[in-house]
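Here is the structure we will look at.
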Amino acid sequence: MPSALPDGEPVPDDGSLPASALTGSADRPLGFYLHVPYCATRCGYCDFNTYTATELRGSGGVLASRDNYAETLIDEIRLARKVLGDDPRPVRTVFVGGGTPTLLAAGDLVRMLGAIRDEFGLAADAEVTTEANPESVDPAYLAELRAGGFNRVSFGMQSARQHVLKVLDRTHTPGRPEACVAEARAAGFSHVNLDLIYGTPGESDDDWRASLEAAIGAGPDHVSAYALIVEEGTQLARRIRRGEVPMTDDDVHADRYLIADSVLAEAGFDWYEVSNWATSEAGRCLHNELYWRGADWWGAGPGAHSHVGGVRWWNVKHPGAYAAALASGKSPGAGRELLSDEDRRVERILLELRLREGAPLSLLREEGLAASRRALGEGLLEEAPYGEGRAVLTLRGRLLADAVVRDLVD
C-alpha cells in the first residue's frame with residue numbers, strides 16, 4: 001500500500017501561504033504536477049499513492065470515482081489561483097503523473113491542462129508531459145493529447161523481457177512500449193521518454209542490455225533508468241521475504257548502471273542527472289529540473305506535494321478525502337513545513353549534486369569542503385569543474401552518489 005505522509009503543521013483551510021513565500025517569485029519558474037491516483041492493477045514493487053477500483057470500492061463512494069476526477073482536480077487548480085493571488089508567472093512546465101493518467105479519457109487530461117492555461121497561462125515554450133501505460137493508449141488517444149497541447153510523453157517500459165515484467169507485475173507485452181514511441185512520433189510529439197528499471201530479481205546482464213537496446217532502437221530522445229528499490233509493504237517485498245524470488249545486491253545494481261551509461265552514451269545519450277539521459281539539451285525533462293533546482297511547483301491531486309518559496313506542503317492521500325475537502329471549499333492540504341535557510345542549503349546540495357552541472361562549492365561548510373577535497377582525491381568528483389568552484393560527480397561518484405552527498409552536507 002502507499003507509504004505514509006510526513007508529519008507537519010496544519011495547512012490553513014483556505015490554503016493560504018506566508019507572505020514570504022512569494023518574495024522573489026518572479027525569478028523562479030512555476031510548474032504544475034497533476035497526480036492521477038488510479039491504476040488498473042497494482043504492480044508488485046509499487047508503493048506510490050495509487051488505487052485500483054477494488055481498493056476504492058466502498059471507501060470513497062462517488063467522490064473517489066475517476067469519472068469525475070478531472071473536475072475535482074480542476075477545483076484545486078482554481079484554488080491554486082486564489083492562493084497565489086496576482087502572481088503573474090505563466091506556467092513553465094506541467095507534468096501529469098500517477099498512477100496511470102491515461103486511464104482517464106484523453107479529453108479529461110486536456111481539460112485539466114486547459115484549466116491551468118485559463119487560470120495562469122502557459123509560457124510560450126511550456127513543456128507539457130503525461131506519463132502513460134503502453135497498454136492504455138492508442139494512436140487516436142495520443143493524437144487527441146497532442147492536439148490538446150501536450151508535447152512530451154513518458155512511457156513506462158521497465159524491461160523488454162517477459163520474465164522480468166512478470167516479476168514486476170507489469171501487464172504490458174514486450175514490444176508495446178517501442179510501438180508507442182512510433183505512435184507518439186506520428187501524433188506529433190517532439191519529446192518521448194522511456195522509463196526502465198534495472199536490478200529486478202531474475203534479471204541478467206543480457207536481459208538488461210536487451211532492454212536498453214530495445215529502448216534505444218525505438219527512437220526516444222530521453223531514457224530514465226532507475227534501480228529497483230524494494231519498499232516495505234509491497235507485494236515484491238513479501239515475495240522476497242518468503243524466498244520466492246532473490247534480492248538483488250548493490251554490486252549488481254552498480255554493474256547494471258555502468259552498462260546503462262556505456263550503452264546509452266554509445267547511442268548518443270548524455271547523462272544530465274544520475275538516472276536520466278537525453279540526446280540533446282531540448283530533450284531533458286524540464287519539469288524534473290524544477291524539482292532538482294528548488295523552483296516552485298504546485299502539486300494537485302491526492303497525496304501530491306508542492307513547494308513555493310520555501311514552503312512545502314502535501315495533500316491528503318485518499319481520493320475520497322481529497323474530493324470531500326475540495327467539495328466543502330477547503331484546501332486538501334494535510335500538512336506543511338517552512339524550510340529554514342539551512343534546510344534549503346542542504347536540499348540544494350542533495351539535489352544539485354545529482355545534476356551534470358553539479359553543485360556550487362560555496363554551498364559547503366568547512367567540514368563539507370574538507371570532504372569534497374577527499375572526494376576529489378578519491379576520483380569521485382571531476383577535477384576541472386572543481387577548479388571552477390563546482391562539485392560534479394564522476395562516473396564512479398555517481399555510483400556512490402548517496403554517500404558523497406552525506407559527506408558533503410556536514
Side-chain angles (χ1 to χ4, degrees), residues 1-2 5 11 13-15 31-42 46 48-84 91 94-120 122 128-133 135-138 140-150 153 297-306 313-334:
M1 292 299 291
L5 288 172
V11 174
D13 283 348
D14 63 359
F32 261 83
Y33 171 74
L34 309 181
H35 186 67
V36 178
Y38 306 107
C39 281
T41 61
R42 178 171 294 282
C46 179
F48 296 163
N49 190 47
T50 61
Y51 303 83
T52 66
T54 299
E55 290 168 342
L56 286 176
R57 189 172 295 125
S59 63
V62 67
L63 288 176
S65 169
R66 73 187 195 207
D67 295 335
N68 56 15
Y69 182 73
E71 288 304 320
T72 301
L73 191 134
I74 287 170
D75 285 342
E76 188 178 358
I77 293 170
R78 291 172 178 152
L79 171 68
R81 177 72 279 176
K82 293 178 182 177
V83 170
L84 296 179
V91 172
V94 179
F95 194 104
V96 187
T100 306
T102 46
L103 281 181
L104 298 185
D108 284 349
L109 301 188
V110 170
R111 284 194 298 119
M112 288 153 54
L113 175 61
I116 293 174
R117 185 186 294 111
D118 292 345
E119 296 293 339
F120 291 87
L122 292 173
V128 183
T129 305
T130 186
E131 293 180 334
N133 185 308
E135 300 291 354
S136 64
V137 297
D138 58 25
Y141 190 104
L142 291 167
E144 187 172 351
L145 288 181
R146 182 68 193 95
F150 285 80
V153 60
W297 72 90
W298 189 292
H305 287 232
S306 303
W313 70 95
W314 44 92
N315 286 344
V316 293
K317 295 185 68 170
H318 195 279
Y322 170 78
L326 288 165
S328 66
K330 296 181 179 179
S331 164

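We're numbering straight along the sequence, starting at 1. The model shown is predicted, which means the values in this text are computed figures rather than measured ones.
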For the atom pair CG (D14) and OG (S331), what is the distance rounded to the nearest 0.5 Å?
-> 8.0 Å
Nearest-0.5 Å distance that lies between atom CD in E119 and atom CD1 in I74 | 9.5 Å
If you look at every heavy atom in F120 and A80, which pair is closest and at what distance?
-> CZ-C, 3.7 Å
Report the C-alpha separation of L113 and L122 in whole Å, then their side-chain angles, then the decisive distance to 0.1 Å, and conclude whether the side chain to side chain contact (heavy atoms under 4.5 Å, CB included) test is met.
-> CA-CA 9 Å; L113 175 61; L122 292 173; 4.0 Å; yes
Test item: I116 and W298 side chains (from C-beta on) under 4.5 Å apart, heavy atoms = no
Mind checking the CG-CG spacing from D108 to N68? Nearest 0.5 Å is all I need.
-> 9.5 Å
Taking the side chain as C-beta and beyond, is there a heavy-atom pair between L79 and P332 under 4.5 Å?
-> yes
Exercise: identify the closest heavy-atom pair between C39 and G99 | SG-CA, 3.5 Å
Inter-residue atom distance L109.CG - F150.CZ, 0.5 Å rounding = 5.0 Å
Of all heavy-atom pairs linking G149 and R117, the shortest is CA-NH2, 4.3 Å
Over 60° means perpendicular and under 30° means parallel, so classify the ring planes of Y69 and Y38, tilted if in between.
-> perpendicular
Measure the spacing between CG of L34 and CE of M112 and express it to the nearest 0.5 Å.
-> 4.5 Å
Calculate, to the nearest 0.5 Å, the distance between atoms CG and CZ belonging to D118 and R111 respectively.
-> 12.0 Å
Could you give me the CA-CA distance, side-chain angles and deciding distance for L103 and V36, then say whether side chain to side chain contact (heavy atoms under 4.5 Å, CB included) is met?
-> CA-CA 9 Å; L103 281 181; V36 178; 6.0 Å; no
Y322/L73 under side chain to side chain contact (heavy atoms under 4.5 Å, CB included): CA gap, chis, key distance, verdict = CA-CA 9 Å; Y322 170 78; L73 191 134; 4.2 Å; yes
State whether the side chain of E76 and the backbone N or O of L326 hold a donor-acceptor pair below 3.5 Å, judged by distance alone.
-> no
Where the side chain of T130 meets the backbone of V153, is there a donor-acceptor pair that is under 3.5 Å apart?
-> no
Write down the atom of G98, the atom of Y33, and the distance for their closest heavy-atom approach.
-> N-OH, 3.6 Å
Side chain to side chain contact (heavy atoms under 4.5 Å, CB included) between W297 and F95: does it pass, once the steps are laid out?
-> CA-CA 10 Å; W297 72 90; F95 194 104; over 6 Å; no
Check: N315 side chain, G301 main-chain N or O, donor-acceptor pair, under 3.5 Å = yes
